[in-house]
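Some notes on the structure that comes next.
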Amino acid sequence: MKNRILGALRDLWWLLLIFLAGTAGVGFFIGAVFAIIVALAIVGTFGYFAWVRYDDTGQERSDIG
């Protein structure tokens with residue numbers, strides 16, 4: 001699982017950074033509890049995407065197209 005997440009981070013680090021920065025901004029204006037819940041949802045979705053999209057070596061799966 002570690003290689004899958006590292007492969008996804010290699011390709012999508014900028015997108016994850018934008019989402020987490022937006023969550024921090026929303027959390028600053030709305031509330032910390034809301035920001036924590038949204039951040040956990042974003043990180044969980046990213047983990048699931050990494051598990052489905054990348055193989056055990058961290059390379060993009062060729063059977064998904």
Side-chain angles (χ1 to χ4, degrees):
M1 184 65 182
K2 176 184 163 188
N3 289 335
R4 291 179 183 203
I5 291 177
L6 290 175
L9 280 174
R10 179 189 65 234
D11 295 339
L12 300 172
W13 63 269
W14 56 273
L15 185 62
L16 186 61
L17 185 66
I18 289 171
F19 282 150
L20 292 178
T23 300
V26 168
F28 179 74
F29 289 110
I30 294 178
V33 174
F34 178 76
I36 290 170
I37 292 170
V38 171
L40 287 174
I42 290 171
V43 170
T45 303
F46 183 80
Y48 177 74
F49 175 78
W51 182 65
V52 170
R53 186 73 179 172
Y54 293 88
D55 63 10
D56 290 333
T57 62
Q59 300 301 318
E60 200 169 347
R61 293 175 65 179
S62 60
D63 60 343
I64 297 177

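We're numbering straight along the sequence, starting at 1.
L40 and I42 fall into different hydrophobic clusters, where Ile, Leu, Val, Met, Phe, Trp and Tyr are joined by side-chain heavy atoms under 4.5 Å apart, directly or via other members. When hydrophobic clusters are built by joining Ile, Leu, Val, Met, Phe, Trp and Tyr residues whose side-chain heavy atoms come closer than 4.5 Å, directly or via intermediates, F28 is not grouped with V33. Criterion: ILVMFWY side-chain heavy atoms under 4.5 Å apart, direct or through other members. Under it, L17 and V26 are part of a common hydrophobic cluster. Put simply, Y48 and I5 are part of the same group of oily side chains (I, L, V, M, F, W, Y) that touch within less than 4.5 Å, one to the next.
Atom CZ of F19 is surrounded by 12 or fewer heavy atoms from other residues, nucleotides or ligands within 6.0 Å.
The one candidate from L15, L20, L16 that meets the side-chain contact (heavy atoms from CB on, under 4.5 Å) condition with F46 is L16. When V38, I18, I36, I37 are each tested for a side-chain contact (heavy atoms from CB on, under 4.5 Å) with T23, only one passes: V38.
Closest of all the heavy-atom pairs between G27 and A35 is CA-CB, 3.3 Å.
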Report the C-alpha distance between Y54 and Q59 in whole Å, list the side-chain angles of each, state the deciding distance to 0.1 Å, and finish with yes or no for side chain to side chain contact (heavy atoms under 4.5 Å, CB included).
-> CA-CA 5 Å; Y54 293 88; Q59 300 301 318; 5.9 Å; no
Test R61 against R53 for side chain to side chain contact (heavy atoms under 4.5 Å, CB included), laying out the working first.
-> CA-CA 6 Å; R61 293 175 65 179; R53 186 73 179 172; over 6 Å; no
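One finds no salt bridge joining R4 and D55 here, because no Lys/Arg side-chain nitrogen approaches an Asp/Glu carboxylate oxygen to under 4.0 Å.
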